[in-house]
A.B. asks: 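First the structure, then my questions, so here it is.
In the text below, chain A, chain B and the rest are named by the order of the sequence lines, each starting its count at 1. Only this structure's heavy atoms are used, side chains among them; waters, hydrogens and symmetry mates stay out.
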2 protein chains.
Amino acid sequence: MTDVASGPLLRPGVRVGERVYRTLRHRILTGGLEPGERLSVPAIARELGVSRSPVRDAVLQLVREGLAQETLNRGAVISSIGRAELVSLYEAREALEGMAARLAAPHFTHDLRRRLLDNLAEHDEVVASGDFDRHIDVDAAFHREIRQSANSPVIARMLDQIQGQIMIAMRSTSVSGGMDRALHDHREIFEAVAAGDPDASEAAARRHIARLTEILRSDG
Amino acid sequence: MTDVASGPLLRPGVRVGERVYRTLRHRILTGGLEPGERLSVPAIARELGVSRSPVRDAVLQLVREGLAQETLNRGAVISSIGRAELVSLYEAREALEGMAARLAAPHFTHDLRRRLLDNLAEHDEVVASGDFDRHIDVDAAFHREIRQSANSPVIARMLDQIQGQIMIAMRSTSVSGGMDRALHDHREIFEAVAAGDPDASEAAARRHIARLTEILRSDG
DNA sequence: TTTATAAACATTGCATGCAGTGTTCGTGAC
DNA sequence: GTCACGAACACTGCATGCAATGTTTATAAA
């Protein structure tokens with residue numbers, strides 16, 4: 001039992017509701033809770049050893065964020081992300097990742113160069129070893145670096161949100177366009193951003209995402 | 001007193017919390033509640049004639065949406081949207097409005113043509129009469145038509161959210177680039193979308209927003 | 001008059017009560 | 001065996017209680 005009350009609940013400065021939210025979000029994103037599964041407030045409260053109030057707050061936040069969906073008087077269930085919804089997510093992601101890369105280009109620093117090169121090196125190993133799970137992580141980390149460097153909090157927040165929903169969908173619909181191809185795309189984005197070229201950076205980032213969208217639209 | 005319990009509370013199928021949320025959101029967006037103002041849960045509950053629970057739910061949603069900000073144990077206040085945050089909002093908006101226009105182009109219908117032409121005609125009158133408030137409304141309606149035609153629920157939802165925060169900021173920082181210029185931009189977007197040209201549609205929409213972003217970045 | 005202190009007050013965040021509603025499961029008729 | 005019905009059960013959503021915390025006001029000292 002993952003009791004929320006254990007560990008950093010004692011630390012003041014973090015609401016219990018916030019901790020419950022993070023716990024549930026983590027479970028959803030890592031597959032511990034599957035699409036369609038009910039989020040019973042009393043059951044979760046019992047399991048985590050807290051009252052229903054903070055659990056209710058957490059569930060409402062998940063709904064607001066698109067990770068769960070609710071029906072009146074019937075509570076919330078983990079979102080089932082359909083094909084059409086997933087396409088829409090990728091459309092938004094293409095636009096925002098493109099803009100993030102554009103904005104990151106003029107903010108390119110030595111430090112970012114180092115982190116991106118480290119990431120690409122690790123990605124190389126991962127692709128060579130064929131470890132798909134690690135690929136997912138390294139891939140996500142690359143994009144996170146880019147969007148944090150864009151220095152645009154709104155874009156960063158929206159991309160985080162999109163990322164969460166995509167991760168749910170990925171459990172049922174794998175839209176990998178190939179690990180090696182993703183790595184190749186990342187190198188292109190890196191080159192453009194490192195060169196400080198906003199147009200090329202945006203174009204490279206968009207191609208990368210648009211390719212996945214196309215796979216989604218065509219293939220089953 | 002705007003008692004939430006009056007009116008459609010009796011109608012089942014709408015949660016009280018949802019009604020409180022809409023009431024508060026409307027007040028924030030129309031200026032009834034100003035940036036920095038506290039959102040006292042007990043006070044709002046008393047005023048609206050409901051208990052604290054649904055009010056608390058509503059306030060948490062507003063925070064989640066970026067319309068309010070909270071501090072631990074000190075509750076929430078209406079967001080003050082600073083210059084940097086506003087720029088970030090416009091950056092995200094540029095990317096998303098551009099993509100919305102791109103997606104709307106292939107979905108152009110006779111019905112959409114009529115609604116956009118109506119809007120442009122009305123906008124003409126409004127500009128001629130110099131009515132700035134109506135300009136805001138007509139302008140927003142134009143963009144709403146475009147993004148609803150994009151048929152991408154994620155993009156539509158995110159643009160709605162951005163629009164809300166921009167409306168707060170607009171009260172202190174007017175970033176109008178001129179009503180006539182906005183109307184001119186809208187005509188360009190209309191032409192491109194009506195022609196079914198995705199690239200031109202996206203480019204026109206982005207120029208329109210980017211111009212405002214530039215005004216923001218430079219001018220005080 | 002200004003500053004320090006404490007006491008009164010209000011609010012937050014979690015816990016819990018409860019009516020209304022939806023769901024499940026067992027019983028009996030066919 | 002299958003279906004209809006109803007009772008038991010569980011959950012949702014709103015209301016309210018309460019300890020901890022923050023804020024404000026009143027009083028006293030300098």
A.B. asks: Salt bridge or not for D111(B) and R114(B), using N-O below 4.0 Å?
C.D. replies: yes

A.B. asks: What I want to find out is whether R27(B) reaches E37(B) closely enough, with some N-O distance under 4.0 Å, to be called a salt bridge.
C.D. replies: no

A.B. asks: Starting at CZ of R38(A) and ending at C1' of dT12(D), how long is that distance when rounded to a whole Å?
C.D. replies: 9 Å

A.B. asks: Select base, sugar-phosphate, or nothing to describe what S53(A) touches, counting heavy atoms under 4.0 Å on all strands.
C.D. replies: base

A.B. asks: Do the charged groups of R102(B) and E91(A) touch, with an N to O distance under 4.0 Å?
C.D. replies: no

A.B. asks: For R52(A) and dG17(C), give me the distance from atom CZ to atom C1', rounded to whole Å.
C.D. replies: 8 Å

A.B. asks: How close or far is atom P of dT16(D) from atom CZ of R46(B), stated in whole angstroms?
C.D. replies: 13 Å

A.B. asks: Quickly work out the D57(B) CG to dT12(C) P distance and round it to whole Å.
C.D. replies: 14 Å

A.B. asks: Write down the distance between CZ (R56(B)) and C1' (dT16(D)), rounded to a whole number of angstrom.
C.D. replies: 14 Å

A.B. asks: In whole angstrom, give the distance that lies between atom CG of L39(B) and atom C1' of dG13(C).
C.D. replies: 16 Å

A.B. asks: Checking contacts here: which listed nucleotide (dG13(D), dA15(D), dG22(D)) is nearest the side-chain heavy atoms of E70(A)?
C.D. replies: dG13(D)

A.B. asks: Would you mind reading off the distance between L62(A) atom CG and dT12(D) atom C1', rounded to a whole angstrom?
C.D. replies: 17 Å

A.B. asks: So which nucleotide from dT23(D), dC14(D), dA15(C) ends up closest to the side chain of R74(B)?
C.D. replies: dT23(D)

A.B. asks: Is R211(B) salt-bridged to E214(B), going by a charged N under 4.0 Å from an acidic O?
C.D. replies: no

A.B. asks: Below 4.0 angstrom from OP1 or OP2 of dT11(C), is there any side-chain N or O of S40(B)?
C.D. replies: yes

A.B. asks: Please pick, from dG13(C), dT12(C), dG13(D), the nucleotide with the shortest atom-to-atom distance to any side-chain atom of R15(A).
C.D. replies: dG13(C)

A.B. asks: Tell me whether the side-chain N/O atoms of S51(A) come closer than 4.0 Å to OP1 or OP2 in dA15(C).
C.D. replies: yes

A.B. asks: Have a look at H143(A) and tell me which of Q148(A), Q163(A), H208(A) forms a side chain to side chain donor-acceptor pair (under 3.5 Å) with it.
C.D. replies: H208(A)

A.B. asks: How many Å lie between CD1 on I44(A) and P on dA10(D), as a whole number?
C.D. replies: 17 Å

